[in-house]
Peer 1: 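Encoded as structure tokens, here's the structure I'll be asking about.
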Amino acid sequence: MTWVLATILLPLVGAAVVAGMKKNDRLATLTALVVSLLTFLLVIPMWASYTPSGDRIQQKSSMDWIPNFGIHISFGIDGIALVMIAVIGLLVPIVVGALGLTDKLPAGRSAGGFLSLILVQEALTIAVFAATDVFLFYVLFEIMLIPMYFLIGGYGGANRQYAAVKFFLYSFLGGLIMLASAIGAYSLASDKLGKGSFDWETLVTVVRDAPLGTQIWLFLGFFLAFAIKAPLVPFHTWLPDAAGQAPIGVAVLLVGVLDKVGTFGFLRYCLPMFPDASKELAPWVLVLAVAGVLYGSILAAGQRDMKRFIAYVSIAHFGFIALGIFTFNEQAMVGSVSYMLNHSLATGMLIVVVGLIVMRGGSTRISDYGGMAKVTPLLGGMLLIAGLSTLSLPGTNSFISEFLVLLGSFVDYPVYTIIATVGMVLAAAYVLWLYQRVMQGPVRGDALIGVGGGPGTAMAPELGATKAIKDLGGREIAILAPMVVLIIALGFYPKPVLDTITPSVQATMSSVQGGK
């Protein structure tokens, strides 16, 4: 059994065990935490056994599924998938450990049911990144919607059913269109090889030689599914609703991990399989990317809800990622892949910190807060660190990613790059604005009166009354500490990540440049 298979199977087994602990929330939480930590530990030997200079896909495993149609259950990783699996392994223990600190489960709902869905989501997301059979990828792409649908619809806010259905329908429709393109690619393989195949490496060699018109139609099917998932403007409208209604822990996985399936799909499927179509349609994609940067930044600045604020910030960041991918510049593409990792860390931490604030204040509205840093300085510092990483301050993890994207894209697309740079200026404005409104100024907030910030504590508009609010405790610091360490460490020494992803990016670039 490969390390990849182990990281998929362990959370599934853990989910089955945790699901049976409906009457003991404490035991269910402890079991889920142990399972998620063991899954993360499995990533260490997976990373250690990966050779960046070796084969494009490593740690392969395969078994027949529907052999008459050339369909297999096949898994393997490249450097890009490895990085994303690692960040999933990190975030899930944080989500599990934060349960009760950032979220309160609805009455009548058990921790066992919630956490079993989290573990299933983890396993399916890892499997999506590791799948090397296109049909298997499609199946996982659709199935992974189910636990997220129940997590949002069963445990979210007042409008959770609307948000869950919208999320599901958008992504499900995109997946069906992708399936049509996958069947088209299968037919091309059947015509050329005499038998159909959904093997990714086989399809890359077959479809890339198809006529431009055929490539464009097949490309659009995959691209639409990934553009919805990413999400790119104008396919983004499901994200603010879903992120705004999802519980904090679910929002961490939704915005921090699941969205990356879209940008990963661009790199794994769209570019290598349809190189000529990718180059032909790249200018149009770049327009969407730059529009997303500006649109997301402007809308973020106008948000009143902290969770929706983070959703629009992410839309702007995904515009940067798409910009780096579709400029077909190695530096920019490396920047985009590292941005996928660093966005997960920065946004994941930001969402967790917002959850801690909301649990103390009882409201997600920005206007209901003010001056919290006077009484919760550690919490204020954590919000500042997450915010500075989000705006890509030099010395934080996101800076090198954004710098590489802009440096590489400027070579061939200076106009797009200059326009996107405006997003950096806006990011500084809206992130610091959020911090100033919530943490600085006079202490205020009618919604905070009589609301517990911790056991037996409350916040009132006057500074004297807020002294009962508790700052971060040991458990909360332990949850946030790994993300703080990585944000700072990768800000000053990103080399291990860049060395891992660069060969995979070079292989993708080689596939694109080898097109007709």
Side-chain angles (χ1 to χ4, degrees), residues 15 18-19 22 25 28-29 32 88 91-92 94-122 124-125 142-172 228-229 231 236-259 261 300 303-315 344 347-366 368 447 451-452:
V18 171
K22 295 183 178 180
D25 286 355
T29 303
I88 298 167
L91 290 179
V92 172
I94 290 172
V95 168
V96 175
L99 183 62
L101 300 176
T102 58
D103 290 304
K104 289 183 178 178
L105 297 178
R109 299 279 185 171
S110 68
F114 178 83
L115 294 172
S116 63
L117 288 172
I118 291 289
L119 292 176
V120 170
Q121 189 69 66
E122 178 182 24
L124 292 175
T125 307
E142 299 286 44
I143 291 179
M144 69 184 293
L145 304 178
I146 297 174
M148 185 56 65
Y149 169 81
F150 285 110
L151 285 167
I152 298 173
Y155 300 89
N159 295 320
R160 58 186 180 273
Q161 291 297 333
Y162 169 79
V165 170
K166 188 174 183 180
F167 157 77
F168 185 87
L169 290 179
Y170 267 62
S171 295
F172 185 72
I228 292 173
K229 181 68 73 178
H236 68 286
T237 58
W238 64 269
L239 180 60
D241 292 319
Q245 294 300 314
I248 289 296
V250 177
V252 169
L253 299 182
L254 178 66
V255 181
V257 178
L258 262 69
D259 292 354
V261 174
Q303 291 304 303
R304 300 179 180 180
D305 183 279
M306 283 187 278
K307 292 167 73 175
R308 291 179 67 90
F309 166 85
I310 295 172
Y312 281 107
V313 170
S314 295
I315 290 170
S344 296
T347 304
M349 181 176 176
L350 185 59
I351 295 173
V352 171
V353 173
V354 164
L356 296 174
I357 293 171
V358 171
M359 284 292 283
R360 284 162 168 77
S363 172
T364 60
R365 290 178 298 179
I366 298 172
D368 287 339
V451 177

Peer 1: Picking from Ile351, Thr347, Val353, what satisfies side-chain contact (heavy atoms from CB on, under 4.5 Å) with Met349?
Peer 2: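 Exactly one candidate clears the test, Val353.
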
Peer 1: Using 0.5 Å steps for rounding, measure from the CG atom of Leu151 to the CD atom of Gln121.
Peer 2: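 Atom-to-atom, Leu151:CG and Gln121:CD are 6.5 Å apart.
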
Peer 1: Between Asp103 and Gly249 (side chain of the first, backbone of the second, donor and acceptor by atom type, cut-off under 3.5 Å), is there such a pair?
Peer 2: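 Checking the backbone N and O of Gly249 against the side chain of Asp103, a donor-acceptor pair under 3.5 Å is found.
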
Peer 1: Kindly compute the distance separating OH (Tyr170) from NZ (Lys229), expressed to the nearest 0.5 Å.
Peer 2: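 Separation between the atoms: 13.5 Å.
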
Peer 1: Which heavy atom in Ala251 sits nearest to a heavy atom in Ala246, and how many Å separate them?
Peer 2: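 Taking every non-hydrogen atom into account, N-CB, 4.1 Å.
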
Peer 1: With side-chain contact (heavy atoms from CB on, under 4.5 Å) as the test, pick out the partner of Ile315 among Leu239, Thr237, Ile310.
Peer 2: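 So, applying the side-chain contact (heavy atoms from CB on, under 4.5 Å) to Ile315 and each of Leu239, Thr237, Ile310, only Leu239 qualifies.
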
Peer 1: Any donor and acceptor pair, going by atom type alone, linking the side chain of Ser116 with main-chain N or O of Ala15 inside 3.5 Å?
Peer 2: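 No, Ser116 side chain to Ala15 backbone: no donor-acceptor pair under 3.5 Å.
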
Peer 1: Are any of the side-chain heavy atoms of Leu124 and Ile143 separated by less than 4.5 Å?
Peer 2: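 With C-beta onward as the side chain, the pair touches.
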
Peer 1: Using every non-hydrogen atom in the two residues, find where Ser171 and Leu145 come nearest and quote the distance to one decimal.
Peer 2: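 Minimum heavy-atom separation between Ser171 and Leu145: CB-CD2, 3.4 Å.
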
Peer 1: Tell me the closest heavy-atom pair linking Tyr149 and Gln161, and the distance in Å.
Peer 2: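 Looking at all heavy atoms of both residues, the shortest contact is OH-OE1, 4.1 Å.
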
Peer 1: Given side chains that start at C-beta, do those of Pro231 and Asp259 come closer than 4.5 Å, heavy atoms only?
Peer 2: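 Yes, at least one pair of side-chain atoms sits under 4.5 Å.
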
Peer 1: Return the CZ to CG distance between Phe114 and Leu99, rounded to the nearest 0.5 Å.
Peer 2: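 Taking CZ in Phe114 and CG in Leu99, the distance rounds to 6.0 Å.
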
Peer 1: Do Leu119 and Glu122 come within less than 4.5 Å of each other through their side chains, counting heavy atoms only?
Peer 2: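 The answer is yes, as the side chains (C-beta and beyond) meet within the 4.5 Å cut-off.
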
Peer 1: Report the residues that fulfil salt bridge (charged side-chain N to carboxylate O under 4.0 Å, His left out) with Arg308, sequence neighbours left out, ordered by chain and then residue number.
Peer 2: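 Arg308 satisfies salt bridge (charged side-chain N to carboxylate O under 4.0 Å, His left out) with Asp241 once adjacent residues are dropped.
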
Peer 1: For Asn159, does its backbone N or O pair with a side-chain atom of Gln245 as donor and acceptor, under 3.5 Å?
Peer 2: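 Side chain of Gln245 to backbone of Asn159, a donor-acceptor pair under 3.5 Å: yes, one is there.
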
Peer 1: Drop me the distance from Ser363's OG to Met306's CE, to the nearest 0.5 angstrom.
Peer 2: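 The distance works out to 6.5 Å.
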
Peer 1: Search all heavy atoms of Gly154 against all heavy atoms of Pro106 and return the closest pair with its distance.
Peer 2: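 Minimum heavy-atom separation between Gly154 and Pro106: O-CG, 3.9 Å.
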
Peer 1: Any idea which heavy atoms bring Pro247 and Gly156 closest together, and the distance?
Peer 2: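 Result for this residue pair: CD-CA, 3.8 Å.
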
Peer 1: So, for Thr364 and Lys307, which heavy atoms are closest and what is the spacing to 0.1 Å?
Peer 2: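 Shortest heavy-atom contact: CG2-CD, 3.9 Å.
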
Peer 1: If you measure from CG on Leu91 to CD1 on Ile118, what distance do you get to the nearest 0.5 Å?
Peer 2: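 Going from the CG atom of Leu91 to the CD1 atom of Ile118 covers 11.0 Å.
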
Peer 1: Would you call Thr29 and Leu115 a side-chain contact if the rule is heavy atoms closer than 4.5 Å?
Peer 2: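 Yes, their side chains come closer than 4.5 Å.
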
Peer 1: Report the relative orientation of the aromatic rings in Trp238 and Phe167; use parallel for angles under 30°, tilted for 30 to 60°, perpendicular for over 60°.
Peer 2: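 Correct class here is tilted.
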
Peer 1: Regarding Arg160 and the six-membered ring of Tyr155, is the cationic atom NZ or CZ under 6.0 Å from the ring centre and inside 45° of its axis?
Peer 2: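 Negative - Arg160 is either too far from the ring of Tyr155 or too far off its axis.
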
Peer 1: State, yes or no, whether a side-chain contact exists between Met144 and Val261 at a heavy-atom distance under 4.5 Å.
Peer 2: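 In contact.
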
Peer 1: From Leu253 CG over to Thr125 OG1, what is the distance, rounded to the nearest 0.5 angstrom?
Peer 2: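 OG1 of Thr125 is found 7.5 Å from CG of Leu253.
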
